[in-house]
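Worksheet: one structure, shown below.
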Amino acid sequence: MVQNTLNGSKDGTEKVIGSGARLTIETIDGFAQLLRDGLAEAETVIIEFEGDVEIDITALQLFCSACKTAAAMEKKIIHRGPLPQSLLSLAEAAGSERQEHCNNNNMSCFRQFGGSHNG
């Protein structure tokens, strides 16, 4: 079971979610629920990745879907700090990296190298 955290700001405008050690098909359901809960409670959901997080293609799919959902709700999902190398390598290997502006969530796309960093 992946261990993630959901911490809120004092004014309720953002929630911070830790990636845990694995974002794979075995653990993605729990992480997806944290994203849903975060979007229900805050304007911005911030993901903080562990540096050596294990990631598979289900995480890429979830990030894209979650960003679309957030945009439809006029909310944001972003990451804080650098994207882990495992995510960058997977996006490149899968051919899903973006080099242009994402229409769903501006510069917060997790598939765009460099992405949106907060802090």
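Quick caveat: nothing in here was measured; it's all calculated off a predicted structure. One is the number of the first residue; the rest follow in order along the sequence. Atom set for the values below is all heavy atoms of this structure, side chains included, hydrogens, waters and symmetry mates excluded.
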> Should I46 and I17 be marked as a side chain to side chain contact (heavy atoms under 4.5 Å, CB included) after you check the CA-CA gap, both sets of side-chain angles, and the distance that decides it?
Replying inline: CA-CA 6 Å; I46 301 169; I17 302 172; over 6 Å; no
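- Between the side chains of D29 and Q33, no donor-acceptor pair is found at a separation under 3.5 Å.
- A donor-acceptor distance shorter than 3.5 angstrom exists from the side chain of T69 to the backbone of S65, with no hydrogens or angles considered.
- Distance alone, capped at 3.5 Å, places no donor-acceptor pair between the D52 side chain and the A21 backbone.
- Residues L35 and I47 have side chains in contact (heavy-atom distance under 4.5 Å, counting atoms from C-beta outward).
- Applying side chain to side chain contact (heavy atoms under 4.5 Å, CB included) to T44 and the options I78, I77, L39 leaves one that passes, I78.
- I25 and L34 fall into different hydrophobic clusters, defined by Ile, Leu, Val, Met, Phe, Trp and Tyr side-chain heavy atoms under 4.5 Å apart, directly or through other members.
- S19 and E50 get closest at one heavy-atom pair: OG-N, 2.9 Å.
- Shortest non-hydrogen contact noted between L87 and L60 is CD1-CD2, 3.3 Å.
- The two residues G51 and P84 make their nearest non-hydrogen contact at O-CB, 3.9 Å.
- Ion pairing between R80 and E14 holds under the 4.0 Å rule for side-chain N and carboxylate O.
- You'll find the ring centres of F49 and F31 outside the 6.0 Å limit.
- The distance from the CG atom of L83 to the OG atom of S89 is 11.0 Å, given to the nearest 0.5 Å.
- Nearest heavy-atom pair, T24 versus T58, reported as atom, atom and distance to 0.1 Å: C-OG1, 3.5 Å.
- Across every non-hydrogen atom of V53 and R22, the tightest pair is CG2-N, 4.0 Å.
- Once rounded to the nearest 0.5 Å, the distance linking CG of L23 with CG of L62 reads 8.0 Å.
- Considering CG of L88 and CD of E92, their distance stands at 8.5 Å, rounded to 0.5 Å.
- In this structure, the separation between CG on L90 and CD1 on I57 is 5.0 Å, given to the nearest 0.5 Å.
- Without hydrogens or angle criteria, K76 side chain to E43 main chain gives no donor-acceptor distance under 3.5 Å.
- Considering NZ of K15 and NZ of K75, their distance stands at 10.5 Å, rounded to 0.5 Å.
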